[in-house]
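Sharing a structure, written as structure tokens. Questions coming.
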Amino acid sequence: MEPIDFTASTPSLTRDEAIRGALEAIAANDVERGIALAQQVNALEPNSNIGLHLVGLLSLRLNEPGKAVEAFEAASRLAPDVREHIDALAIVFSKTGRLVDGLFYGKLATAATKDTGIPGMLPDWLGTFDQAFYNIDDKPLIKQGLKQFDDGDYLGASEVFRREIDLDSKSVEGWRGFARSLYRARKYDYALIASGALMSLSDTRAVDLSLHGLILAGTQRFDEALVAGREAESLEPDDAAIAWRTVQAQGRRPDGDRAGFAALVENWGARFATPELRPAPANPAEFRDRRVRVGVISGHWAHGEGLDITVPIIEQLDRRGVELFVYAYGLVDAPLARRLRARANVWQDLSDLDGETAGFVVRNDALDLLIDLDDPLVSDHAPLIAQAPAPFALALHGDLATALAMGFTCVLGDRAAYDKEDPRIIGIDGGLVGQPVDLPPLDPASIRPLGSPIAFGTLAEGWQIGEATITAWRAILTALPDAVLILDDARLGGAESTRRVAGQLPHGQLRLSEPGTDQDYLASVDLLLDPIGNAFSDGLVAAAAQGTPGLVCRAKRVRANLAAGWLDRAGLPALVADSAEDYVLKAVDAVATGEFRTGFAARMIADRDAAATAQAARLVKAIASLVNSTAHP
């Protein structure tokens, strides 16, 4: 039979021609053409089992097995004795790891008494039930989703877990993966819906409740997060990781009660920290014959998660004096991880180890000191620190009281960020903050032209923006009636966060950003506004390295001064405010001339490598002073 000429007007096709044409298009993976012809089949014969079967095949081509199952099941309900519909279900269930369902429909197909009489309804590309069942893979979508999650593709992982849920709406692993992936992708509104569904199905309620608490905190529902965290702890009172998630969630209150948070940390440390197990420091005389054994640990290797500004310094540590041990969780093949692996003398991937085993591994390396590169509020390895695996444990840019309660012995950071002298504060001018060296500067042609209305932006997530910040932003926009603040749903964590912020600011001066890359967003704004008291301003340094300046405000929390200290060292005091009132004045002053971005990118790029080398030398000097001291803190 000659192939049908589909270049002619398709309405002239008969039902059989449209069916045959749709099957040929689907076999050729011409999905657009297949959809058009399947629609024509359904127009000629509404709600037919054949039309629904075509929809099922198209859904498989679109990698939507859940929708395919729905279509094949609907077709089978209309024609329960037709073998092709049942066989298709048996094949799809087997390919997606549903052993019981695949076997059920496979047996049912052998008893079917009819077929459609249409060649190609079970096409070669679909395979057979025997092949699919013989090669059945247990939970292939779950495995694929976990692989993409481990690779840092959180949105891709969430899409795979969604397909798992489409197939099985009661899949606990599917809902858990969906919630975790959306949370890591900062899609907090959707993550909350997913974790709510997970709560109704969970078979490991304590772990999932603690995740639910973190997600609630991401949507600024801190009181509910505390309730969830407390319930999770009551179910598993001896699990340090679950209890730490309660602390993490409450530590994210932007205008929270610092004394109350400190009490939470102290309680956690009293329950789980074991300082009595800490190894004794080495005799300083040993270092005449060997290098200092320094360990660093992190679980956040993706760009924008904090290590961009630290890795350039750590990788410059003098090999003659420092033997570097790197302990990594997650994303161990990310570019930042590979860079530090190249510097490491010893590299350990702790991703698949439980907390107790990880602590044993670190202790066996006989370190002289261990530096935690992650902020505790984003770190999942606080339980390891609590095991006291090294003579000295340093919290990078940490608050001293909080760090000591967690099980650290010292804090390491910018000397200017601490308001007192204490031997447990290891101060370095500027802290471990350097410009990222592998981020391209903005294309000069993309930078907003002089004379255009001033555009402010922010890199903050919604939960970081408290009332003090909202009040200051409102005052800035009021003082500059022609200016706009560009908000981004994706950055803020969802539409609810955007509505909360926008609802308290002048409506005529707000704008939603256009979809695009980080580079596009940075190019669209003149000045980034960091929330007052924000302890996660690392991204501001990376943005500055690309040519977009940001305004920060000093705060009582040590880590909230991270970007402020770096800007001071870079000679940019005009971008550092000392109070909320000063923050408003400096925002207005910074954009007053319209020329503050001129030459900014070039200034940031100049001498970056030299600055990282200088900071690394300061760190080596501080380490040597600590381990050689006979009066240890």
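Everything numeric here is computed off the predicted structure, so don't read it as measured data. Residue indices begin at 1 and follow the sequence shown.
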>> Between Asp568 and Arg554 (salt bridge meaning N to carboxylate O under 4.0 Å), is one present in this structure?
In response: yes

> Under the ring pair (Phe, Tyr, Trp, His ring centres under 6.0 Å) test, which residues partner Tyr418, sequence neighbours left out?
Replying inline: none

> Can you name the residues that form a salt bridge (charged side-chain N to carboxylate O under 4.0 Å, His left out) with Asp399, not counting sequence neighbours?
Replying inline: none

For residues 326-336, dump all side-chain donor-acceptor pairs below 3.5 Å to protein atoms at least two apart in sequence or in another chain.
residue	atom	partner	partner atom	Å
Tyr327	OH	Asp365	OD2	2.7

>> Holding to salt bridge (charged side-chain N to carboxylate O under 4.0 Å, His left out), I want the full list of residues that pass it with Asp374, two or more places apart in sequence or in another chain.
In response: none

>> My understanding is that only residues two or more places apart in sequence, or in another chain, count here; which of them pass side chain to side chain donor-acceptor pair (under 3.5 Å) with Trp301?
In response: none

>> I'd like to check the ring pair (Phe, Tyr, Trp, His ring centres under 6.0 Å) partners of Phe536; sequence neighbours left out, ordered by chain and number.
In response: Trp463

>> Counting neighbours of OH on Tyr190 that are heavy atoms of other residues, nucleotides or ligands and sit closer than 6.0 Å, is the number greater than 12?
In response: no

> Distance-only, no hydrogens or angles: does the Gln509 side chain make a donor-acceptor pair with backbone N or O of Ala483 under 3.5 Å?
Replying inline: yes

> Can you name the salt bridge (charged side-chain N to carboxylate O under 4.0 Å, His left out) partners of Asp153, sequence neighbours left out?
Replying inline: none

> So, does Gln250 use its side chain to make a donor-acceptor pair with the main chain of Phe222 at under 3.5 Å?
Replying inline: yes

>> Test of understanding: with side chain to side chain donor-acceptor pair (under 3.5 Å), list the residues that count as partners of Thr478, not counting sequence neighbours.
In response: none

> Taking atom NZ of Lys147 as the centre, does the number of heavy atoms from other residues, nucleotides or ligands within less than 6.0 Å exceed 12?
Replying inline: no

>> Testing the basics here: between His397 and Gly413, what is the closest heavy-atom pair and its distance to 0.1 Å?
In response: CD2-CA, 3.7 Å

>> To the closest 0.5 Å, what do you measure between CG (Asp375) and CG (Leu373)?
In response: 11.5 Å

> Residues two or more places apart in sequence or in another chain: which of them pass side chain to side chain donor-acceptor pair (under 3.5 Å) with Asp488?
Replying inline: Arg491

Which atom pairs, one a donor and one an acceptor, fall under 3.5 Å between side chains of residues 172-182 and the rest of the protein, sequence neighbours left out?
residue	atom	partner	partner atom	Å
Glu173	OE1	Lys139	NZ	2.6
Trp175	NE1	Ser169	O	2.8
Arg176	NE	Asp208	OD1	2.8
Arg176	NE	Asp208	OD2	3.4
Arg176	NH2	Asp203	OD1	3.4
Arg176	NH2	Thr204	OG1	2.9
Arg176	NH2	Asp208	OD2	3.0
Ser181	OG	Gly177	O	2.7

> Between Thr310 and Leu307, is there a donor-acceptor pair closer than 3.5 Å when you use the side chain of the first and the backbone of the second?
Replying inline: no

>> Using modelled atom types and a 3.5 Å cut-off, is there a donor and acceptor pairing between side-chain atoms of Thr469 and backbone atoms of Ile465?
In response: no

> Is Arg253 salt-bridged to Asp223, cutoff N-O under 4.0 Å?
Replying inline: yes

>> Under a 3.5 Å cutoff, is there a donor and acceptor pairing between the side chains of Gln220 and Arg500?
In response: yes

> With Lys586, which residues qualify under salt bridge (charged side-chain N to carboxylate O under 4.0 Å, His left out), at least two apart?
Replying inline: Asp582

> Ignoring hydrogens and geometry, is there a side-chain-to-backbone donor-acceptor pair from Ser171 to Asp168 under 3.5 Å?
Replying inline: no

> Which pairs with one or both residues in residues 457-471 pass salt bridge (charged side-chain N to carboxylate O under 4.0 Å, His left out), sequence neighbours excluded?
Replying inline: Arg186-Glu461

